[in-house]
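Data first, discussion second: the structure below is written as structure tokens.
All values below were derived from every heavy atom in this structure, side-chain atoms included, with hydrogens, water molecules and symmetry-related copies excluded.
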Amino acid sequence: MAKVTRELPKAYVPADFESAVYERWLAADVFAPDGAGTRADPSQPPFVIIQPPPNITGSLHLGHAQRTAVEDLLVRHARMQGRPTLFLPGLDHAGIAAQYVLDRILAAEGENRQSLGRERYLERMWQFINSTREVMLGQQRRLGASADWSRLRFTMDDGSARAVRAAFQRLYLDGLAYRTEALVNWCPGCRTSISDLEVIPRAESGTLWTIRYHLIDPATGLPSPTETIGVATTRPETILGDTAVAVHPDDARYRDLVGRWARVPFVERDVPIIADEVVDRGFGTGAVKITPAHDHDDYETGRRHALPMITILADDATINDLGDGYVGLDRYAVRARVVADLEARGDLVSATPHEMLIGRCDRSDDVVEPRLKTQWFIRTRPLADRALDATRSGRTAIVPKRFVKVWEHWLTNIRDWNVSRQLWWGHRIPAWYCPDGHVTVSTDPAGPAACEVCARPAAELEQDPDIFDTWFSAGLWPFSTLGWPEDTPDLERYYPTSVLETAHEILFFWVARMMMLGLHLTDREPFHTIFLSGLIRDPLGQKMSKTKGNVVDPLSVIEESGADALRFAVIHGATPGEDQKFGSQKLEIGRTFANKLWNATRYVLGARPSSIAPDAERQDPPKAHLGVSERWIRSRTAAAVAGVDEAIGDCQLAEVTRTLYDAIWSEFCDWGLELAKVRLSDASLADAEREATWWTLVESLDTFLRLLHPVMPFVTEVLWAALPHRRDESPLLITARWPAPGERDEAVDSTVAEVLDLVRAIRNARTEAGVDAAAWLPGVALVPADGDVVEALRPAIERLARIRPLTLAVPGSDAHPFVSPVPVLAGRFQVVLDVGGGAGAAAGPDRGREERQLADAEGLLEAARARLASPQFIERAPAPIVEGARAREAELEGLVARLRESLSR
RNA sequence: GGGCGGUUAGCUCAGUCCGGUCAGAGCGCCUCGUUUACACCGAGGACGUCGGGGGUUCGAAUCCCUCACCGCCCACCA
């Protein structure tokens with residue numbers, strides 16, 4: 001168990017303790033919801049985050065670090081609230097992405113997929129991922145992820161495999177998975193089909209060629225030498241697959257041609273001229289060549305008109321044996337030759353530069369070719385409707401809300417999902433075909449015993465060679481990780497999960513599919529909240545990528561600045577759903593903040609009054625002995641608790657760090673500790689009073705450490721261990737209780753704020769007067785009747801503003817003996833300094849400052865009066881606003897008067 | 001072609017949903033400073049007509065309209 005050490009090293013060096021702290025957590029067994037060290041209240045609802053599994057293709061980048069930091073923050077917060085907490089880690093096999101990476105490694109070794117063969121290739125893949133796996137898990141641990149490693153899952157493990165087979169069979173039996181020949185997106189580079197989402201449209205410059213097809217003379221049945229129809233295309237090679245020419249039904253130019261035929265060159269095929277509203281009369285010639293087997297629009301047109309569909313491309317994007325004189329040539333070589341040959345025939349009308357969208361493969365960047373393939377599809381419409389209902393009904397919330405619109409639009413216009421991939425690395429589709437083409441879907445990895453239609457024996461059946469899209473198994477993640485399709489205790493207890501946190505990039509790829517599959521297969525929404533994070537970009541705002549070489553390894557950052565600094569930085573810099581630029585500047589904030597906290601704790605530990613034993617058990621500060629400063633510190637700490645609670649409730653995590661940064665640095669350290677020093681060193685006070693001050697500091701610091709722990713777990717754990725605690729307290733901060741709301745004291749808040757303003761004003765005046773910073777000046781405070789607080793804090797004002805002695809007088813009494821008096825105004829309070837009397841006083845008062853103040857005040861007063869002079873304002877503005885404006889006016893009047901008086905001297 | 005973000009101090013960004021001391025933070029810059037937690041610090045300072053224009057309102061960084069630029073998502077003009 002953590003040994004309580006009340007002595008901290010002088011310097012904050014994260015590398016010295018972060019790993020050790022993590023080991024301590026592991027040893028205490030606090031990560032698992034049912035671990036030996038958890039102090040969870042089993043009657044509370046569990047909090048569950050199933051980690052979005054990172055792709056097992058190498059190492060984690062800063063984006064992963066950010067998401068892990070967010071997830072871990074939420075998990076630690078819930079754990080401290082006493083909820084049973086499950087943070088289930090995992091890794092994704094990343095089908096096509098992993099193959100792409102491995103293929104490049106193989107290429108460097110002079111091997112490739114084909115040279116190895118399916119079996120050896122998969123062996124190599126397992127080898128590869130076994131090496132990356134440890135790296136990735138190590139990175140997460142180093143980052144502080146408080147995940148239950150005993151439940152680590154992988155999308156290619158047996159559990160996932162079972163879930164995939166069961167899910168697919170269920171979808172098949174429900175009529176939601178079907179096999180058909182359809183136009184799919186084919187990536188010649190990856191040699192597989194890809195989903196619509198993986199086709200990235202990119203604006204590129206191409207050429208629009210207009211070519212002439214000769215009409216068939218009805219009399220002779222031969223192409224007419226003179227009668228032609230012009231069609232425009234950006235892909236002339238597809239001519240070889242044309243089966244029609246289409247015009248708009250209302251286009252007068254072509255009305256008479258509809259129903260006639262035209263001759264497709266080279267393949268010398270006669271195709272009908274059809275009328276279809278898909279044609280845009282204004283584009284090109286108004287006539288379109290139709291290639292149903294190689295274009296999405298044409299495919300639809302072809303289906304409407306029952307046109308033949310002729311596939312002319314092979315898997316490697318060369319022309320197949322239907323391509324007549326172009327057989328075996330690459331698509332672009334054919335394009336060039338077709339153009340040349342058309343020109344030679346005199347049938348090339350024009351070639352003009354043309355800007356267009358080219359679909360490229362997300363992975364290989366190769367140009368995607370639509371083509372016909374027989375594949376498995378998931379019928380998404382019914383699934384999408386349920387997903388829409390989940391968010392519309394509020395059973396699942398999307399944060400930030402604006403993504404709801406995107407979600408709705410996509411799910412409303414969704415198309416069926418092609419899940420077949422012609423790859424090797426992934427879950428094999430559990431469908432078997434008999435020689436008669438009957439389909440049997442089985443959950444048995446060995447396959448069915450016989451064809452379920454014709455009962456042919458297993459030996460005659462053949463399994464589909466394809467694998468599933470990697471997002472299919474990913475789509476089962478929230479429940480496959482908990483034991484589905486078995487009805488396990490984990491599934492019962494932890495499903496549906498609490499929060500799904502992920503990058504908005506994969507809202508469709510992953511989140512929508514989990515929602516659709518989850519609802520259909522488990523009948524429950526897989527998560528209550530979808531929390532979408534933005535991307536981490538480099539300091540120039542560019543997306544980080546390996547090819548750009550701007551990827552940052554979280555470990556190198558942690559090495560240099562500490563995991564806490566990294567976590568603070570990525571959370572502090574994030575607005576939900578917005579991308580953030582990340583640079584060393586942001587890390588500095590976290591690192592210096594941790595350093596500040598470290599030193600503040602060192603101060604508090606060292607400031608313990610000697611009347612308290614070094615190993616004293618923790619006590620509450622006795623209320624009877626609290627001074628104004630202590631009451632202020634406690635109230636401000638309570639304000640921070642409220643602020644953090646509200647921010648977390650709103651998923652405004654950056655607001656959490658801002659609140660704590662300000663509360664800890666600008667209030668607790670800058671003023672709280674300074675005020676405390678005055679009391680702690682005041683020999684005139686009783687021991688009990690000094691003790692009350694110290695226990696107040698300990699209490700406040702303890703609270704801040706708890707609040708900050710989810711963001712900066714390491715440094716807070718170490719510092720917290722150094723504080724005195726009660727005997728029944730948690731041995732570790734990670735399982736300590738989240739702070740309860742504290743008592744606010746608004747009156748103390750505002751009066752102390754006024755005194756602090758006064759101190760600032762005096763410091764200003766000293767600087768302006770050119771007084772030596774170390775000099776002690778005498779002063780007289782002119783305090784109104786209700787200014788007890790000045791009296792109470794007089795020693796603090798003296799010390800913080802370096803005034804000695806500070807005597808009190810009623811306003812209006814001009815009785816000060818000063819030779820060089822400088823009046824200082826702050827709100828209701830006024831202090832007159834003697835800059836001539838103190839040691840080291842240099843110059844007289846600087847009138848320039850007061851003149852500027854006066855000008856400012858007069859300007860503001862004028863504006864305030866103008867506002868109050870408006871009858872509309874008085875009539876229509878709410879009373880509190882008007883009163884506030886009047887108070888402001890009065891305040892400014894007083895200030896102006898005092899400044900004028902001061903300047904007139 | 002639709003939709004969504006962004007545009008606030010030299011830089012990185014809060015604040016905009018719920019209009020009124022909200023014009024803020026950090027970094028950078030300038031001036032001081034070895035007051036026994038911290039120079040990874042402290043005290044103080046300079047710097048913005050909140051992208052442009054119009055409107056609503058007593059009052060707009062905040063709401064509405066519009067324009068501009070940057071970015072993203074969706075989309076079947078060959």
**OP:** Using the P atom on both, measure U62(B) against U57(B) and round to a whole Å.
**Re:** 16 Å
**OP:** For Lys581(A), answer base if it contacts any base atom (sugar-phosphate contacts may also be present), sugar-phosphate if it contacts only those atoms, and nothing otherwise; contact means non-hydrogen atoms under 4.0 Å.
**Re:** sugar-phosphate
Original post:
What nucleotide, of G20(B), G44(B), C38(B), holds the atom closest to the side chain of Lys596(A)?
Top reply: C38(B)
Original post:
Side chain of Met356(A): nearest nucleotide among C38(B), A78(B), G45(B)?
Top reply: A78(B)
**OP:** For Lys586(A), answer base if it contacts any base atom (sugar-phosphate contacts may also be present), sugar-phosphate if it contacts only those atoms, and nothing otherwise; contact means non-hydrogen atoms under 4.0 Å.
**Re:** sugar-phosphate
**OP:** Taking only the side-chain heavy atoms of Gln585(A) (C-beta and beyond), determine which of C27(B), C38(B), C40(B) contains the nearest atom.
**Re:** C27(B)
Original post:
Under 4.0 angstrom, heavy atoms only, what part of the nucleic acid is Thr301(A) near: base, sugar-phosphate, or nothing?
Top reply: nothing
Original post:
With sugar-phosphate meaning primed atoms plus P, OP1 and OP2, does Pro539(A) contact a base, only sugar-phosphate, or nothing at under 4.0 Å between heavy atoms?
Top reply: nothing
**OP:** Measure from the side chain of Asp670(A), starting at C-beta and using heavy atoms only, and say which of G42(B), C13(B), A78(B) lies closest.
**Re:** G42(B)
Original post:
Any idea which of C74(B), G3(B), G26(B) is nearest the Lys405(A) side chain?
Top reply: G3(B)
Original post:
From the list G44(B), G5(B), C38(B), which nucleotide is the closest neighbour of the side chain of Asn599(A)?
Top reply: C38(B)
Subject >> Parallel, tilted or perpendicular: rings of Phe593(A) and Phe568(A) (30°, 60°) >> reply: tilted
Original post:
With a non-hydrogen cut-off below 4.0 angstrom, is Leu673(A) in contact with a base, only sugar-phosphate, or nothing?
Top reply: base
Subject >> Members of residues 654-663 of chain A that approach RNA chain B, where some heavy atom sits under 4.0 Å away >> reply: Arg658(A), Tyr661(A)
Original post:
Going by an N to O cut-off under 4.0 Å, is there a salt bridge joining Arg886(A) and Glu889(A)?
Top reply: no
Original post:
Can you name the one residue among Trp720(A), Phe714(A), Phe17(A) that meets ring pair (Phe, Tyr, Trp, His ring centres under 6.0 Å) with Trp598(A)?
Top reply: Phe17(A)
Original post:
Choosing from U35(B), A14(B), C73(B), which nucleotide comes nearest the side chain of Arg802(A)?
Top reply: U35(B)
Original post:
Counting any heavy atom closer than 4.0 Å, what does Leu507(A) reach on the DNA or RNA strands: base, sugar-phosphate only, or nothing?
Top reply: nothing
**OP:** Sort by first number and list every stem of RNA chain B: at least 3 consecutive Watson-Crick or G-U wobble pairs, both distances under 3.5 Å.
**Re:** B:1-7 with B:68-74, B:10-13 with B:24-27, B:29-33 with B:41-45, B:51-55 with B:63-67
Subject >> Touch class at under 4.0 angstrom, heavy-atom based, for Glu300(A) against every strand present >> reply: nothing
Original post:
Lys677(A) side chain: which of C13(B), A37(B), G5(B) is closest?
Top reply: A37(B)
**OP:** Look at the side chain of Arg602(A) and decide which nucleotide, out of A78(B), G44(B), A37(B), has an atom nearest to it.
**Re:** A37(B)
Original post:
What does Asn413(A) touch in the nucleic acid at a heavy-atom separation under 4.0 angstrom: a base, only the sugar-phosphate, or nothing?
Top reply: nothing
Original post:
Quick one: which of G5(B), A78(B), C38(B) gets closest to the side chain of Asp295(A)?
Top reply: A78(B)
Original post:
Using atom P of each nucleotide, how far apart are G5(B) and C65(B) to the nearest Å?
Top reply: 12 Å
Original post:
Is there a donor N/O on one and an acceptor N/O on the other, under 3.5 Å, for the side chain of Gln652(A) and the base of A14(B)?
Top reply: no
**OP:** For residues Glu798(A) and Trp776(A), report the shortest heavy-atom separation together with the two atoms involved.
**Re:** O-CZ3, 3.4 Å
Original post:
Sequence neighbours excluded, which residues qualify as side-chain contact (heavy atoms from CB on, under 4.5 Å) partners of Phe508(A)?
Top reply: Leu197(A), Val406(A), Trp410(A)
**OP:** Select base, sugar-phosphate, or nothing to describe what Glu883(A) touches, counting heavy atoms under 4.0 Å on all strands.
**Re:** nothing
**OP:** Check every strand shown and say whether Leu197(A) touches a base, only sugar-phosphate, or nothing at a heavy-atom separation below 4.0 Å.
**Re:** sugar-phosphate
Subject >> Side-chain (Asp702(A)) to main-chain (Val698(A)) donor-acceptor, under 3.5 angstrom >> reply: no
Original post:
Can you tell me if Thr291(A) and Lys289(A) form a side-chain donor-acceptor pair at under 3.5 Å?
Top reply: yes
